[in-house]
Each structure stands twice: as structure tokens, then as C-alpha cells.
Protein chains: 2
Amino acid sequence: MNERNHISIREAIRGRITDGEWAPGAMMPGETDLAEEYGCSRTTVNRALQKLAEDGLIERKRRAGTRVREIPSRQAKFRIPILRHEIEAAGGAYSSRVAFRETLKAPGFIQSRLRLATGARVLRLHTVHLSDGQPYAFEDRWVNIKAAPGVVDAPFDIISANEWLVREVPYSSGDVRFSAMAAGQIEAQALATSLGAPLFTVERTTWLRDLYITTTKLCYRPGYHMRTEL
Amino acid sequence: MNERNHISIREAIRGRITDGEWAPGAMMPGETDLAEEYGCSRTTVNRALQKLAEDGLIERKRRAGTRVREIPSRQAKFRIPILRHEIEAAGGAYSSRVAFRETLKAPGFIQSRLRLATGARVLRLHTVHLSDGQPYAFEDRWVNIKAAPGVVDAPFDIISANEWLVREVPYSSGDVRFSAMAAGQIEAQALATSLGAPLFTVERTTWLRDLYITTTKLCYRPGYHMRTEL
DNA sequence: CAGTGGTCTAGACCACCAG
DNA sequence: TGGTGGTCTAGACCACTGA
């Protein structure tokens with residue numbers, strides 16, 4: 001703990017903040033002072049403080065100095081893994097079943113969500129993901145065929161659409177929404193649950209610059225929860 | 001864009017990855033090579049690459065070098081704001097109503113969740129958060145009185161419990177769970193919705209080292225979704 | 001055991017902005 | 001306008017680990 005690396009120093013300072021050495025809103029010593037106190041270079045202190053700022057514990061401004069945030073804006077991070085990995089990490093045996101697969105002209109809401117030209121064709125895919133043979137999540141996916149031509153012939157009985165796309169089609173950005181929805185006919189049947197059951201739902205849309213690739217809605221089985229730490 | 005700062009270089013490299021210059025799984029040039037190519041010091045390249053690794057785009061190992069991840073493990077980040085700020089940021093007028101407030105001996109599941117001694121006392125609080133007078137979320141909170149003695153007299157009609165705790169009681173760590181649940185009697189009434197409606201739910205437990213402070217369950221009104229970008 | 005990334009240093013200059 | 005944080009540099013040493 002008396003080491004002079006940026007991690008030790010960061011955690012030491014974090015401790016002094018949570019111990020209340022500097023009250024919320026109070027000014028902290030400047031980088032130069034802290035560097036002297038810890039016997040390290042200002043660069044190292046800077047690195048420690050930048051991380052604390054990123055974590056939402058402190059606020060930094062040029063000229064104004066560093067102060068403890070009045071209201072710590074802690075941030076939660078989620079890795080969004082491939083479903084197969086998520087299931088296997090939990091000790092389950094992964095399998096999947098394609099329940100529906102069809103290419104068609106994009107309906108209006110998909111056309112607008114994927115910024116498609118009128119009449120553009122898309123692949124629609126319903127997949128049930130299973131853990132140890134039990135339904136785990138139901139996926140309703142739309143793929144822009146123009147963005148991923150190979151998708152029409154991809155062997156989705158062997159590799160899941162998500163995994164195939166992630167490997168074959170690069171993407172630069174994405175949008176994610178978490179919500180709760182009531183199971184409809186299709187979801188209830190796929191997940192072997194009752195109509196109206198509350199399902200934790202993740203909707204994702206991904207694109208590469210101007211080219212929208214896919215949008216997907218993933219409904220998890222009842223009782224599922226997503227966990228992280230602050 | 002031809003600047004030699006770590007951000008430009010990071011984004012330039014990110015572009016070369018999404019453009020497929022290096023295939024998934026392929027080795028990338030070493031830091032020294034990239035530094036020469038971009039005409040900057042190795043330190044700057046290192047900083048750019050560390051960020052890309054944190055973003056899950058590349059994998060780095062000593063001796064083995066840097067390679068593009070086979071499956072990019074993009075990570076989503078959420079700031080978890082004070083509910084009042086969330087509502088105000090959306091343009092609503094925030095208000096809250098304490099529906100229930102009582103100190104009592106902790107029931108078993110709370111005693112275990114907050115690591116309490118047998119017979120420890122807790123404050124239980126039901127709060128309805130409103131936006132423009134409409135129910136926005138329902139909060140069921142338990143506070144360890146030993147960890148926050150002032151809580152029994154705190155003016156929760158003026159300041160929300162979350163905000164009060166964040167200001168008054170420092171915490172070091174937390175645990176967050178997202179899920180979907182069906183509205184029970186209490187939630188349905190508080191949120192003016194129907195029994196069984198699917199509610200997006202956030203459960204949080206926070207502690208300071210060994211001292212567990214509070215655990216809370218926040219049920220959002222139907223239709224709520226939490227959004228972020230990848 | 002050699003080569004990669006991880007880190008620290010001392011010094012320098014700059015951008016910003018509160019006083 | 002002066003003091004703060006933001007950043008870059010060149011050089012150095014170290015830790016790790018794959019060949």
C-alpha cells in the first residue's frame with residue numbers, strides 16, 4: 001500500500017474521500033501538492049485523479065482545481081456478452097433453435113429504425129436461446145441485407161446470428177435500451193411461460209457509420225436479472 | 001485530424017480496426033511501430049491503445065503483443081443519476097410523496113442482505129416519485145439505522161431519501177440488479193397502473209467497507225426504458 | 001530469455017478560465 | 001493574467017510470458 005504506483009495512490013485518495021477528509025464540494029489539494037505528499041511525479045497523480053474523475057467521484061477544472069463531487073455520479077458498466085458465453089459462464093449448456101426465418105420488404109418501423117430506402121429487403125429471424133435445454137431468451141432480429149449480404153445463406157443452425165454478425169460485419173456504434181415488457185403470444189410460447197409475464201428486454205441497434213446493420217429485441221425468461229457493481 | 005494527440009490517434013486506430021485493416025484475431029503493430037508511424041512518442045500510443053483495450057476492441061498481452069479481439073466485447077456504461085435529476089433532465093417537474101415510513105426490527109431477508117445483527121433496527125420507506133405530478137417510479141427502501149443515525153429524523157418530505165443518503169453518508173461500493181417484475185398491489189396503486197403490469201426494476205445495495213447502509217428497490221412506471229450507447 | 005506492454009519520471013508547453 | 005489541469009516527450013526500468 002506504500003507503493004508509489006498510480007493504483008495505490010488512486011485508492012489511497014479514494015479512501016480519503018470516502019472517509020470524509022474532504023467534504024462533498026470541498027477543494028482538494030492540487031496535483032503538485034499531492035505529488036510531493038506521495039513522493040511521486042505529477043504525471044502519476046494526474047493519472048490517479050483522472051480515473052477518479054472518470055468514476056464520477058471528483059470534478060476537475062482547469063484553473064479552478066479539483067473538488068469532491070457534491071453528488072457522486074457513480075457509473076455502472078456492463079459488458080454485453082454473446083448470449084452463448086453468458087450461458088456457458090453460468091455453467092449451462094448452450095443451444096439455440098431458429099423458430100422463424102424469412103426475407104421480406106422492410107415494414108415501416110424497421111425501415112425507419114434502420115434508415116432503409118423504401119422497398120429495401122431485410123431478414124427477419126426468431127431465435128430461442130436455451131440453457132441446458134430450457135428456454136433462456138427469445139430473440140427477434142431484423143438484418144439489413146444490403147449491409148450483410150452473406151446473411152441470407154448463413155448457417156444459423158450452427159452459429160447464432162449475433163455471433164455470426166459480430167464476426168463477419170464490423171460495426172462502429174450501437175444503441176441499447178433496457179425495459180420490461182409483457183410476454184405476448186410469441187414470447188410466451190417461445191419461453192414456455194404465461195401470457196403477460198414480465199420479461200426483461202434488451203433492444204439493440206448497431207451501425208457502421210451511415211450503414212445500419214441490424215436491430216434486435218431480446219426477451220429474457222421470467223426471473224432473469226442483470227447484475228453489476230458500482 | 002492529423003493532430004498528434006492521443007485522442008486523434010486513438011480514433012484513427014479505431015477506424016482502421018472497424019475498416020478491417022486488421023482482421024479479428026490478427027496481430028497489430030507494436031507500440032513502437034505505431035509511434036513512429038504517427039510521429040509521436042510511445043507513451044501517447046500506449047494511452048490510445050489502453051483506451052481501446054478498455055473499450056473491449058483489442059486485447060493486449062506482454063510479450064504477445066496487441067491483437068484485435070475476435071469478438072468485440074463492447075461495454076455499455078450507465079450513469080445512475082439521482083431520480084430528481086433524471087426527471088428534470090427530461091423536462092419534467094420533480095416531486096415526491098412518502099407513502100410509508102416506519103422503523104422496525106429487520107426482517108430476515110433484510111437482515112441477511114444488509115449483514116445486520118439479530119434485532120438490528122431499520123427504517124423502511126415507501127416513496128412515490130412523480131414527474132409533472134404523474135407517478136414516475138415507486139421506491140421501497142430499507143436503511144440500516146446504525147449506519148445512518150440521522151435518517152430517523154431526516155426531512156424526507158423535503159429531500160428524497162436517496163439524495164439525503166448520498167449527501168450525508170459516504171459509501172464505497174454498491175451492487176445493482178436490473179430486472180422485470182409484475183406490479184403487485186402496492187406498486188400498481190402507487191404507479192396508478194394495473195395489477196401485473198410489467199415494471200422495469202432496479203435494486204441497489206450500498207455499503208462502506210463492512211458497514212451495509214441501504215438496500216432499495218425502484219420500480220419504474222410501465223413503458224419506461226433505460227437507454228445508452230455502445 | 002528476449003521482446004512486448006506497463007509504468008514512472010522530470011521537464012516542458014499549452015488551454016482554459018476564475019479572479 | 002496567473003495558476004490550474006491536460007498533455008506530450010524521451011528515456012528508463014520492470015513484469016510478464018510466449019517462443
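Below, chain A is the first sequence line, B the second, and so on; all start at residue 1. Everything numeric here is computed off the predicted structure, so don't read it as measured data.
The shortest non-hydrogen separation linking A:Ala76 to A:Thr228 is CB-CG2, 3.9 Å.
Among the nucleotides C:dG5, D:dC8, C:dA2, the one closest to any side-chain atom of B:Arg63 is C:dA2. Among the nucleotides C:dT4, D:dG6, D:dG18, the one closest to the side chain of B:Lys61 is D:dG18. Comparing atom distances between the B:Glu31 side chain and each of D:dC8, D:dG6, C:dG5 picks out C:dG5 as nearest.
Between C:dG5 and B:Gln50, no contact under 4.0 Å exists linking OP1 or OP2 to a side-chain N or O. Contact annotation: B:Thr66 reaches the phosphate of C:dG5 (side-chain N/O to OP1 or OP2, under 4.0 Å).
Both A:Asn5 and A:Arg62 lie near DNA chain C, and the one whose nearest nucleotide falls closer to the 5' end is A:Asn5. Of the two residues contacting DNA chain D, namely A:Thr43 and A:Gly30, the nearest-nucleotide position lying further toward the 5' end is that of A:Gly30.
Taking atom CE on A:Met27 and atom C1' on C:dG19, their separation rounds to 13 Å, with Å as the unit. We find that CD1 of B:Ile13 is positioned 11 Å from P of C:dG5, with the value rounded to whole Å. In this structure, CZ of A:Arg47 is placed 13 Å from P of D:dC8, rounded to the nearest angstrom. Here the C1' atom of nucleotide D:dT4 and the CD atom of A:Glu59 are 15 Å apart, to the nearest Å. Rounded to a whole Å, the CZ atom of B:Arg60 is 18 Å from the P atom of D:dA15. One interatomic measurement links the two molecules: CD of B:Glu36 to C1' of D:dT9, which rounds to 16 Å at whole-angstrom precision. In this structure, the CG atom of A:Asn46 is 20 Å from the P atom of D:dG3, given to the nearest Å. Note: CG (B:Leu34) to C1' (C:dG6) measures 16 Å, nearest angstrom.
Using bins of under 30°, 30° to 60° and over 60° for the plane-to-plane angle, the ring pair B:Tyr220/B:Tyr136 lands in the perpendicular bin. Ring geometry for B:Phe138 against B:His126 counts as perpendicular: the plane angle is over 60°, on a 0 to 90° scale with 30° as the lower cut. The aromatic rings of B:Phe78 and A:Phe78 sit perpendicular to each other, their planes meeting at more than 60°, with 30° as the lower class boundary.
In this model, a side-chain donor or acceptor of B:Arg42 finds a partner on the base of C:dT7 within 3.5 Å.
Checked against B:Asp55 for a side-chain hydrogen bond (donor to acceptor under 3.5 Å, both in side chains), the options B:Gln50, B:Arg74, B:Arg14 give a single hit: B:Arg14.
Heavy atoms of B:Thr32 sit nowhere under 4.0 angstrom from any nucleic acid atom.
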